[in-house]
Amino acid sequence: MMYNVGYQLMRGLNLFFRVVNMALVLYCVLSFFGRGTKLYAMLDRLFEPLRRPFMPITMYLARHGFPFDLSVIFVMIALNMVQGLLNQVLYMIMGIW
C-alpha cells in the first residue's frame, strides 16, 4: 500500500518537473518571437525569480564576449538536480516503508 503511494507521488513529481521544463522551453521560444504576449509576461513573472541567482554568471560570460544568456539552461540543470534529489529521498522513504 505505502509503496503504491510513494510510486504515485514519484510519478506526480516527475510529471510536474517535466511540465516545468516544457514551460521553460516555451519561455525561451517566446523570448525570441513573442515578447509582447500575455503568456510570455506570465512565464516571465514565474521564471524570473528562478533565473535571478544565475544572472551574475551569465553577466560575467557576457562581459567576456559570450553572446548568449545561459540562465535558463542553468535553471533547467538546477531543477533536474532537485528532481533527482527528491526522487532519491522518495526511494529512501519507500525502502523504509
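Just so it is clear, the structure is predicted and the values come from calculations on it, not from any experiment.
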For the atom pair [atom1] ([X]) and [atom2] ([Y]), what is the distance rounded to the nearest 0.5 Å?
X	Y	atom1	atom2	result
Phe74	Leu50	CZ	CG	14.5 Å
Leu26	Phe47	CG	CZ	8.5 Å
Lys38	Leu43	NZ	CG	14.5 Å

message: In the structure I gave you, are the side-chain heavy atoms of Leu15 and Arg11 within less than 4.5 Å of one another anywhere?
response: no

Of all heavy-atom pairs between [X] and [Y], which one has the smallest distance, and what is that distance?
X	Y	answer
Glu48	Tyr27	OE1-OH, 4.3 Å
Pro49	Pro53	O-CD, 3.3 Å
Ser71	Thr58	N-CG2, 3.3 Å

Tell me whether [Y] is reachable from [X] by hopping between hydrophobic residues (I, L, V, M, F, W, Y) whose side-chain heavy atoms are closer than 4.5 Å.
X	Y	answer
Met81	Ile73	yes
Met59	Leu70	no
Val82	Ile57	yes
Leu46	Val19	no

query: Under 30°, 30 to 60°, or over 60°: which ring-plane class applies to Phe66 and Phe68, parallel, tilted or perpendicular?
result: perpendicular

task: For Leu79, enumerate each residue passing the side chain to side chain contact (heavy atoms under 4.5 Å, CB included) test, keeping only those at least two apart in sequence or located in another chain.
output: Phe17, Val20, Leu24, Val75

message: According to side chain to side chain contact (heavy atoms under 4.5 Å, CB included), who are the partners of Asn14, at least two apart in sequence or on a separate chain?
response: Met10, Gln83, Asn87

task: Please report the C-alpha distance between Val89 and Ile93 in whole Å, then the side-chain angles of each, then the deciding distance to 0.1 Å, and finally whether the side-chain contact (heavy atoms from CB on, under 4.5 Å) criterion is met.
output: CA-CA 6 Å; Val89 168; Ile93 291 172; 3.9 Å; yes

message: Could you check whether atom CZ of Phe16 has more than 12 heavy atoms from other residues, nucleotides or ligands sitting under 6.0 Å from it?
response: no

message: Treating Asp44 as the side-chain partner and Tyr40 as the backbone partner, does any N or O pair qualify as donor plus acceptor under 3.5 Å?
response: no

